[in-house]
Amino acid sequence: MPMHVKDSQNDSPPSDALTFNMYSSQKEPKKVASFSAGENKPSDFLRIFYEGIIAGGIAGVVVESALYPIDTIKTRLQAAHGGGKIILKGLYSGLAGNLAGVLPASAIFVGVYEPTKQKLLKSFPENLSALAHLTAGAIGGAASSLVRVPTEVVKQRMQTGHFASAPEAVRLIVAKEGYKGLYAGYGSFLLRDLPFDAVQFCIYEQLRIGYRLAAQRDLNDPENAIIGAFAGAITGAMTTPLDVIKTRLMVQGSANQYKGICDCVRTIVKEEGTHALLKGIGPRVLWIGIGGSIFFSVLERTKQMLAQRRPPSQNSTPFKDQL
């Protein structure tokens with residue numbers, strides 16, 4: 001629910017994060033910002049986890065459905081060797097199967113990220129809030145990777161024309177490569193996605209904190225979207241080389257052209273030049289920038305809607321970010 005500046009006629013501490021910070025800075029020495037004491041209850045942790053799962057799942061499905069064609073083009077650009085041509089047909093190939101993985105992966109990520117973030121914010125000094133966001137993002141990414149990696153492998157094999165359907169892809173990958181084939185490129189995936197998740201969510205959260213402090217109010221949907229787009233685009237550009245490596249390792253299949261991350265980097269640079277590590281940076285920045293805009297605006301709106309549906313007894317601990 002939107003946060004409001006504390007009413008000057010009410011001297012009791014407000015419950016939301018922004019005004020709690022303002023209040024505590026006036027009444028007593030600065031402390032780590034937190035929700036009300038009731039948030040320590042197990043029921044509050046479960047509520048935050050539950051609401052995070054719902055909000056994350058919805059946001060993940062919306063953004064994946066909207067931007068899947070751009071992701072397909074990006075994948076084909078990165079998978080192409082040398083001057084290979086890019087096929088622009090079947091840009092929605094594998095969408096249905098991918099959504100089956102995106103839904104639980106996004107739900108797990110946000111469901112783990114939100115309570116972890118709030119726990120760390122209460123444990124860390126206030127000036128280390130960025131570290132709390134970085135750590136929570138990495139932990140959320142690690143938890144969701146168990147679902148995200150097989151989903152990514154199947155999606156990218158279908159995007160590059162290896163298989164016609166998700167069930168066929170899973171069946172043939174397991175038959176030819178074993179179950180470990182569904183986790184091809186797992187190390188490179190973590191190498192890319194853990195820093196990506198940590199940095200993107202840290203940038204987003206820190207920008208929101210700064211904006212709310214300056215504006216003395218909560219952000220509206222367009223403002224959340226703009227900050228989300230900026231955080232996504234910057235992080236997407238920074239992690240493009242890692243994404244190229246991850247894509248090459250995931251789509252190589254049983255051919256085993258690359259023996260690992262280091263061998264993949266050496267081979268790409270030797271055969272195609274260092275510029276090949278930036279393949280697909282344009283579509284990637286566009287895709288993640290727009291995706292960040294959609295994801296974070298949908299995420300925040302869903303969290304607000306869920307907060308409004310809570311019983312009155314739980315409204316003292318709104319499902320909002322802490323400062």
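Not measured: the values here are computed from a predicted model. Throughout, residue positions are numbered sequentially from 1 according to the sequence presented. We use all heavy atoms of the structure for the numbers below, so side chains are in, but hydrogens, waters and symmetry mates are not.
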Side chains of [X] and [Y]: closer than 4.5 Å at any heavy-atom pair?
X	Y	answer
Glu114	Phe45	no
Pro69	Tyr92	yes
Ser65	Leu99	yes
Asp218	Gln304	yes
Tyr204	Asn224	yes
Val298	Val63	no
Leu219	Arg212	yes

When rounded to the nearest 0.5 angstrom, what is the spacing between [atom1] in [X] and [atom2] in [Y]?
X	Y	atom1	atom2	value
Ile54	Leu299	CD1	CG	12.0 Å
Thr247	Ile245	OG1	CD1	10.0 Å
Gln308	Lys303	CD	NZ	13.5 Å
Glu272	Arg248	CD	CZ	4.0 Å
Thr239	Leu191	OG1	CG	10.0 Å
Leu131	Asn127	CG	CG	10.0 Å

* Tell me the salt bridge (charged side-chain N to carboxylate O under 4.0 Å, His left out) pairs involving residues 283-299, sequence neighbours left out? ->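 The answer is Asp243-Arg284.
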* Pair listing, salt bridge (charged side-chain N to carboxylate O under 4.0 Å, His left out) test, anchored in residues 223-236, at least two apart -> Arg217-Glu223
* To do: List in chain and number order the residues that pass side chain to side chain donor-acceptor pair (under 3.5 Å) with Glu168, two or more places apart in sequence or in another chain; answer none if no residue qualifies.
  =>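 With neighbours one apart ignored, the set is empty.
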* Nearest heavy-atom pair of Ala136 and Leu120: which atoms, and what distance? -> N-CD1, 3.9 Å
* Might you point out which heavy atoms bring Gly181 and Ile173 nearest each other, and give the distance in Å? => C-CG2, 3.6 Å
* **Pair listing, side chain to side chain donor-acceptor pair (under 3.5 Å) test, anchored in residues 138-153, at least two apart** =>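 Those involving residues 138-153 are Ser144-Arg148, Ser145-Tyr186, Arg148-Asp193, Arg148-Asp197, Glu152-Lys155, Glu152-Gln156, Glu152-Lys246.
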In a table with atom names and distances, give each donor-acceptor pair under 3.5 Å that connects a side chain of residues 227-234 to protein atoms at least two apart or in another chain.
none

* If you measure from the Lys or Arg side-chain nitrogens to the Asp or Glu carboxylate oxygens, is any gap between Arg157 and Glu177 under 4.0 Å? -> yes
Ignoring hydrogens and angles, write down the donor-acceptor pairs under 3.5 Å from the side chains of residues 286-297, residues two or more places apart or on other chains.
from, atom 1, to, atom 2, distance (Å)
Ser293, OG, Ala225, O, 3.4
Ser297, OG, Ser293, O, 2.7
Ser297, OG, Ile294, O, 3.0

